[in-house]
Amino acid sequence: MKQLPDLSSLRMKTPLAAHRFLGLGCSAVKLSKARGVLFAAVMAAVPLSAVTVNLPDLSVPNDATVKSTLSLPAGADFFRVSGDWSASLGNPESRDLELTVVGPGEVSGFLPVFANAEANTSPVIGLQGEFPLTSTGAAGDYRFTFENKAGGSEIAFQNGVVELLTLKEDFTDNGSIGPGSTTFERPDESGAPSGRTTRYATYQFTPSFSGPYVITSQQVGFDGFIALYDGDQTTAPFSGFITANDDSAAGESFSRLEVNLVAGQTYTLVSTSFSTVASGSFTNRIRNFAALEIDTSKATTYEDYADQRGFTGGPQADDTGNGLSNLIEYAINLNAERPFEAPIDVQIEGGIPVIRFYRDAELTDITYIIEASSDLSVWAEIYNSSTDLQPNADGAHQEIEDNAAGAGGRFYRLRVKFNGPSKATTYEDYAAQRGFTGGPQADDTGNSLSNLLEYALGRDADSPFEAPLEVRIEDGTPVVRFYRDPELSDITYIIEASSDLSDWSEIYNSAIDLQANADGAFQEIEDNAAGADGRFYRLLVVLDTSGKATTYEDYADQRGFSGGPDADDTGNGLSNLLEYALGRDADSPFEAPLEVRIEDGTPVVRFYRDPELSDITYIIEASSDLSGWSEIYNSAINLQANADGAFQEIEDNAAGANNRFYRLLVVLDAD
């Protein structure tokens, strides 16, 4: 049997998200790792600020490039770069320093950011350039490449700063101007009359935040000009004027403003041109940024640590790509504020090896183990933090003596054992870990997601809601990005598309298309069949329950029973038939199949009933003397829904004031 929930249809859009993660990039000698084993080695970490990272001072010869690599944390939507530069004598009209950025965060574009100084030798503050990311920036090494286009000058760059930003608000306006457009007398950049009558288009918006906004306009086919007004003042173009820009450092087809706006105030952005007869299209963006915030509070569980670092892989994955598993980083408290130290140090004192190693006594879900070997082949445990609770040497380190060490060489290694719950890769295990009592379609957590969808989307009680589908347009083709966990063995992810929310067609099925995920937890597919009209997408999750027996015959075969339905092959006091009917297995603790409570004087009988079993009938009988019994419920007749997916509740309205007894009968359909 397959169960098929349907998420609400999602129209194509790109959600704006500001994630706050802690990341770290490292360089130097990598540590060896295998099965959570860590050998002593040396590695240096690059310290990071929570908001900005400094670029090194550099000198860029004429017609040359200079590269600098920085390790950056995760979570930024944009980088903004600024700095001071000066140029030697040369062509004063063509000195500019351009910058590109590449790295694991999929940097999608760049602007020339330091251009056209008027003085030959005086340092000037470069124009701030924004480097957008097509997805939330990943932690790791980013390469900053400076190119000198100064036409004979050598450029010195100093006090460079990379500011990491999250996107708080984003307005996008696409439009065009042409022969049919309205005209007005355009102001110049100061707000004074320009003497030019130009075509224009307007866009009104109301910001949600007070503070600095960046307004950009990319024009196609004409030399653009943008002006910002308080309210709608195009009929009186010199009243309510705030600011304007013709050409930015990026060229005559790119305009840019930085301006402080007030939340709740309506503004009008006017898109026009420098020329009186210009025509073409434009794309405007109005954005508000905030400095990236990093949670540096200490995590004392692996789950919290992984959330802080923004890990998508499990404990044995290496999300930062530094040669250490996520679990090892957690165990040795590797973070942006603490430089890396070799986790093991060995000294000889009085002829006895003393092993000093990092051990954080506050971590609640790991065990530290020290093993010793004389040949790097056979290892023996000489310390286990779960049994040896002596105080740390200095609060963060443990020292132990190896009294068994002989005169020969002795090797030591640190192992870290994760005591947290293993990742559930079947719905049954996931439901057991979460303590769900309802079935896959129930909503045990009350968060409006079925238990099955929580499992399929990797959610837990602390997970904020995120749209499971994101859609962006690349070269005119919709690209659908969705969560898909390839480790889950009993579900299928299906993407369907529709142009009218009525007829849906399958464009992806994980049971057929096994291409690698985009980043370990997400899948991206292109919808090449999409036309010019609107296109809707939905995610379906199918639970494969073929492993569950829904007939007694299959159940008996799975369990290897040799006796009949009335036999007790497991010797636990329940017949084989009752084990089947009550959903028991070899590991199930015994639970009473019936519970009775009194509500407003009326007995309410609660009992296990699996509606998926196709060949049995559940019957409840009542008696006042344990002799005469009468039927008060029969599942073949009363098909009301279970109380929570696996249990049925009924009221015994016929009960009187005397004692009342109840029993459950299970009838097997022999056909």
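Along the sequence shown, residues carry numbers from 1.
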Any non-hydrogen side-chain atom of Asp173 less than 4.5 Å from a side-chain atom of Ile286? no
#### Entry: Asn284 vs Ser217, side-chain hydrogen bond (donor to acceptor under 3.5 Å, both in side chains): CA-CA, chis, key distance, verdict
CA-CA 4 Å; Asn284 299 332; Ser217 180; 2.6 Å; yes
Heavy atoms of Tyr537 and Pro478 approach each other most closely as OH-CB, 3.3 Å
Starting from the C-alpha separation in whole Å, work towards a yes-or-no answer on side-chain hydrogen bond (donor to acceptor under 3.5 Å, both in side chains) for Ser510 and Thr492.
-> CA-CA 6 Å; Ser510 65; Thr492 300; 4.7 Å; no
Residue set satisfying ring pair (Phe, Tyr, Trp, His ring centres under 6.0 Å) with Tyr213, at least two apart, ordered chain then number -> none
With sequence neighbours left out, the residues meeting side-chain contact (heavy atoms from CB on, under 4.5 Å) with Asn54 are Val161
Sorted by chain and residue number, the salt bridge (Lys or Arg N to Asp or Glu O under 4.0 Å) partners of Asp527 (sequence neighbours excluded) come out as Arg535
| query | Does a donor on one side chain and an acceptor on the other come within less than 3.5 Å for Ser208 and Glu169? | reply | yes
* Flag for Glu147-Thr65: side-chain donor and acceptor within less than 3.5 Å -> no
Do any N or O atoms from the side chain of Glu189 and from the backbone of Asp246 form a donor-acceptor pair under 3.5 angstrom? yes
Test side-chain contact (heavy atoms from CB on, under 4.5 Å), reference Thr198, set Val277, Thr183, Ile177, Thr272, output is Thr272
Sorted by chain and number, sequence neighbours left out, ring pair (Phe, Tyr, Trp, His ring centres under 6.0 Å) with Phe205 holds for Phe171, Tyr267
* Asked: Would Asp500 and Ser502 count as having a side-chain donor-acceptor pair, cut-off 3.5 Å?
  -> no
When every non-hydrogen atom of Ser255 is compared with those of Gly224, the smallest separation belongs to OG-O, 3.6 Å
N-O pairing of Arg472 and Glu474 below 4.0 Å | yes
Donor-acceptor under 3.5 Å (Arg186 side chain, Ser273 main chain):
yes
Only residue of Val214, Ile226, Ile215 satisfying side-chain contact (heavy atoms from CB on, under 4.5 Å) with Arg256 is Val214
Side chain to side chain donor-acceptor pair (under 3.5 Å) filter on Gln265, not counting sequence neighbours, yields Asp230
Shortest non-hydrogen pair, Tyr203 vs Thr172, comes out as OH-O, 4.1 Å
* To do: Give a yes or no on whether the backbone of Ser253 and the side-chain of Gln218 come within a donor-acceptor separation of less than 3.5 Å.
  => yes
When you check the side-chain N and O atoms of Thr276 and Thr197, is any donor under 3.5 Å from an acceptor? no
### Message
Ring-plane angle category for Tyr493 and Phe482, please: parallel below 30°, perpendicular beyond 60°, tilted otherwise.
### Response
tilted
Those residues at least two apart in sequence (or on a different chain) that pass side chain to side chain donor-acceptor pair (under 3.5 Å) with Ser505 are none
